[in-house]
Amino acid sequence: MRVQTSSKFAERPNEIMMEMPKYFLIYEGEVTEPMYFSGIIVNRKRLAINQSLSLISVLRSLEDLSKSHPKYALKIANDIKSQSTENVISKENLFKSIVDFIKNEDRLDKEELINLADHYIKNYANDLIDLYEIDNIIIDIYKDDTFKNITSDIINYLEFQRITLDYNPKIDVINLIVDRDKGNFKSHQYDNLVKKCKENNISLYISNPCFEAWLLMHFEEFDNLDFDKLLENKRVNSKRKSRKYSDKMLSEIIGYNKSNLNFDIFVDRIDEAIKREKKYCEDIEELKNKIGSNVGILIENMRN
């Protein structure tokens with residue numbers, strides 16, 4: 001996992017930010033949802049989002065980009081909780097964090113840096129690593145003088161991630177934003193996810209059939225959609241390409257581009273989307289089989 005704003009890895013989070021209650025936003029999707037909530041964060045004042053909240057967008061590690069399923073979002077949530085309460089990190093997650101840093105660096109020796117970390121962690125690191133040991137491990141991995149300059153940068157990056165992702169169960173909220181997507185998310189898996197989130201005090205936000213259903217609710221055209229087709233959300237052929245029904249409808253309404261979401265189109269329609277959501281289904285149990293979303297509730301919670 002990685003913090004979306006981690007490009008500022010050399011900076012420590014400021015004290016004011018760290019004293020704020022945190023809303024961790026964890027997504028099943030890697031593109032559309034992070035772009036939408038980046039827009040929420042940037043426009044938080046305009047949207048009357050509570051200014052005392054620290055909104056933290058959490059992405060999958062670069063090594064895990066292909067793992068798109070609610071169970072992986074839940075794993076990130078559980079990793080945040082265990083890392084904060086037990087003060088440990090798995091050696092797998094430490095390696096992924098090092099890779100995240102290195103892959104974002106403009107260096108010619110990326111492969112060598114990754115291989116050194118892989119060899120050391122596989123052969124010498126414990127399965128669970130105390131957080132206070134991380135600095136020594138990085139120093140051991142890159143003890144050759146050739147890598148002296150990068151050692152402190154990696155340590156700063158990991159410290160930024162650790163502090164930013166530190167979870168306080170008394171005041172912080174972990175939020176999962178996932179799709180219903182019956183083709184990828186089986187009925188028993190849905191029930192298990194709802195159960196696990198309730199047991200672990202994790203807030204769950206689901207759109208049925210997908211996040212695009214929530215996006216469509218920003219527009220009055222939503223009320224006239226073919227809901228049978230939307231619920232099935234099968235691929236529909238057009239002149240240029242085949243795309244899912246939800247994507248096709250959004251494209252017809254706003255020229256939707258899944259990989260380059262224009263949040264400006266949505267920002268002034270969010271209240272309209274929240275009102276429309278309430279006309280359909282918001283209940284987490286019923287969203288298993290009904291068209292709807294409860295993402296609007298998440299935004300209302302951010303305001304209140």
How long is the straight-line distance from CZ of Arg243 back to CE of Met249, given to the nearest 0.5 Å? 9.5 Å

Anything under 30° is parallel, anything over 60° is perpendicular, the rest tilted; go ahead and classify Tyr124 against His119. perpendicular

Please give me the minimum heavy-atom distance between Ser97 and Leu158, naming the atom from each residue. CB-CD2, 3.5 Å

Please report the C-alpha distance between Leu94 and Ile134 in whole Å, then the side-chain angles of each, then the deciding distance to 0.1 Å, and finally whether the side chain to side chain contact (heavy atoms under 4.5 Å, CB included) criterion is met. CA-CA 8 Å; Leu94 176 58; Ile134 290 178; 4.2 Å; yes

Kindly check if the number of other-residue, nucleotide or ligand heavy atoms within 6.0 Å of CD (Gln51) is above 12? yes

Are Asp166 and Arg162 ion-paired here, with the side-chain N under 4.0 Å from a carboxylate O? no

Test of understanding: clusters of I, L, V, M, F, W, Y form through side-chain heavy atoms closer than 4.5 Å, transitively. Do Tyr23 and Met35 belong to the same one? yes

Can you confirm whether Cys210 sits close enough to Asn233 that some side-chain heavy atom of one is under 4.5 Å from a side-chain heavy atom of the other? yes

Could you report the tightest heavy-atom contact between Arg107 and Lys110, atom names first, then the distance? O-CG, 3.4 Å

For the hydrophobic clusters of this structure (ILVMFWY residues joined by side-chain heavy atoms under 4.5 Å, transitively), does one cluster hold both Phe101 and Leu131? yes

So CD of Glu33 and CD of Glu212: to nearest 0.5 Å the spacing works out to 7.0 Å

Under a 4.5 Å cut-off applied to non-hydrogen side-chain atoms, are Glu277 and Ser293 in contact? yes

Working to the nearest 0.5 Å, report the span between CE of Met302 and CG of Leu25. 4.5 Å

Distance alone, cut at 3.5 Å: any donor-acceptor contact between the side chains of Tyr280 and Asp223? yes

On a heavy-atom basis, the closest approach of Ile155 and Asp135 is CG2-OD1, 3.4 Å

Please examine the side chains of Leu193 and Lys71, heavy atoms only from C-beta on, and report whether any two atoms are closer than 4.5 Å. no

Check Arg303 with Asp271, please: is the shortest side-chain N to carboxylate O separation under 4.0 Å? yes

Evaluate Ile137 against Ile129 for side chain to side chain contact (heavy atoms under 4.5 Å, CB included), listing each step before the verdict. CA-CA 10 Å; Ile137 288 174; Ile129 301 166; 3.6 Å; yes

Quick one: does any side-chain atom of Asn192 pair with a main-chain N or O of His188 as donor and acceptor, under 3.5 Å? no

Would you check if Val178 and Leu74 make a side-chain contact, meaning some heavy-atom pair closer than 4.5 Å? no

Would a single hydrophobic cluster contain both Leu62 and Val58, if residues Ile, Leu, Val, Met, Phe, Trp and Tyr are joined by side-chain heavy-atom contacts under 4.5 Å? no

For Glu112, does its backbone N or O pair with a side-chain atom of Asp109 as donor and acceptor, under 3.5 Å? no

Less than 4.5 Å apart, side chain to side chain, heavy atoms only: is that true for Met1 and Asp100? no

Between Phe147 and Ile141, is there a side-chain heavy-atom distance shorter than 4.5 Å? no

Nearest 0.5 Å, what's the OG-NZ distance between Ser251 and Lys258? 12.0 Å

Pick one: which of Asn201, Ile80, Ile76, Asn200 meets side chain to side chain contact (heavy atoms under 4.5 Å, CB included) with Ile174? Ile80

Does Asn304 reach the main-chain N or O of Glu300 with its side chain, forming a donor-acceptor pair under 3.5 Å? yes

Ser57 and Tyr27: side-chain donor and acceptor closer than 3.5 Å? yes

Would you find more than 12 non-hydrogen atoms of other residues, nucleotides or ligands less than 6.0 Å from Lys122 atom NZ? no

Determine whether Gln161 and Arg2 satisfy the following criterion, side chain to side chain contact (heavy atoms under 4.5 Å, CB included), listing intermediate values before the conclusion. CA-CA 7 Å; Gln161 295 285 316; Arg2 55 198 165 97; 4.0 Å; yes

Is it true that the side chains of Asn93 and Asp79 contain a donor and an acceptor less than 3.5 Å apart? yes

Under a 4.5 Å cut-off applied to non-hydrogen side-chain atoms, are Glu30 and Leu65 in contact? yes

Between Ala77 and Leu176, what is the shortest heavy-atom contact and its length? CB-CD2, 3.9 Å

Asp130 side-chain N/O to Val88 backbone N/O, donor-acceptor pair under 3.5 Å: no

Roughly how far, to the nearest 0.5 Å, is NZ of Lys229 from NZ of Lys248? 8.0 Å

Tell me, with the steps shown, if Tyr120 and Phe95 meet ring-ring contact (aromatic ring centres under 6.0 Å, His included). CA-CA 10 Å; Tyr120 183 96; Phe95 175 68; over 10 Å; no

Given Leu55, Thr32, Val295, the one that forms side chain to side chain contact (heavy atoms under 4.5 Å, CB included) with Phe37: Val295

Would you call the rings of Tyr36 and Phe211 parallel, tilted or perpendicular if under 30° counts as parallel and over 60° as perpendicular? perpendicular

Arg44 side-chain N/O to Leu53 backbone N/O, donor-acceptor pair under 3.5 Å: yes

Do Val42 and Ile56 share a hydrophobic cluster (ILVMFWY, side-chain heavy atoms under 4.5 Å, transitive)? no

Within the supplied structure, the quantity of interest is the number of heavy atoms (other residues, nucleotides, ligands) at a distance under 6.0 Å from Lys143 NZ; does it exceed 12? no

Lys148 atom NZ: more than 12 heavy-atom contacts under 6.0 Å: no

Side-chain H-bond candidate by donor/acceptor type, Asn301 with Tyr205, under 3.5 Å: yes

Looking at Lys91, I want to see if its NZ is surrounded by more than 12 non-hydrogen atoms of other residues, nucleotides or ligands under 6.0 Å. yes

Please check if any side-chain donor atom of Tyr167 sits under 3.5 Å from a side-chain acceptor atom of Gln83, or the reverse. no

With side chain to side chain contact (heavy atoms under 4.5 Å, CB included) as the test, would you mind laying out the steps for Leu230 and Ser246 before giving the verdict? CA-CA 6 Å; Leu230 181 58; Ser246 59; 3.9 Å; yes

Output field: ring centroids Tyr245/Phe227 closer than 6.0 Å: no

As an exercise, state the distance from CD1 of Ile121 to CG of Asp140, rounded to the nearest 0.5 Å. 11.5 Å

Where do Glu28 and Asp179 come nearest, in terms of heavy atoms and distance? OE1-N, 2.7 Å

Can you give me the closest heavy-atom contact between Ile253 and Phe219, atom names plus distance? CG2-CG, 3.9 Å

I'd like to know if Arg276 and Glu221 make a salt bridge, using a cut-off of under 4.0 Å between side-chain N and carboxylate O. no

For Asn294 and Leu204, indicate whether the former's side chain and the latter's backbone hold a donor-acceptor pair under 3.5 Å. yes

Residue pairs passing the ring-ring contact (aromatic ring centres under 6.0 Å, His included) test where at least one lies in residues 57-89, sequence neighbours excluded: His69-Phe185

Validation row: Arg180, Lys288 side chains within 4.5 angstrom (heavy atoms): yes

Are Leu215 and Leu231 linked, directly or through other ILVMFWY residues, by side chains that come within less than 4.5 angstrom of each other? yes

Does Lys290 have more than 12 heavy atoms from other residues, nucleotides or ligands lying within 6.0 Å of its NZ? no

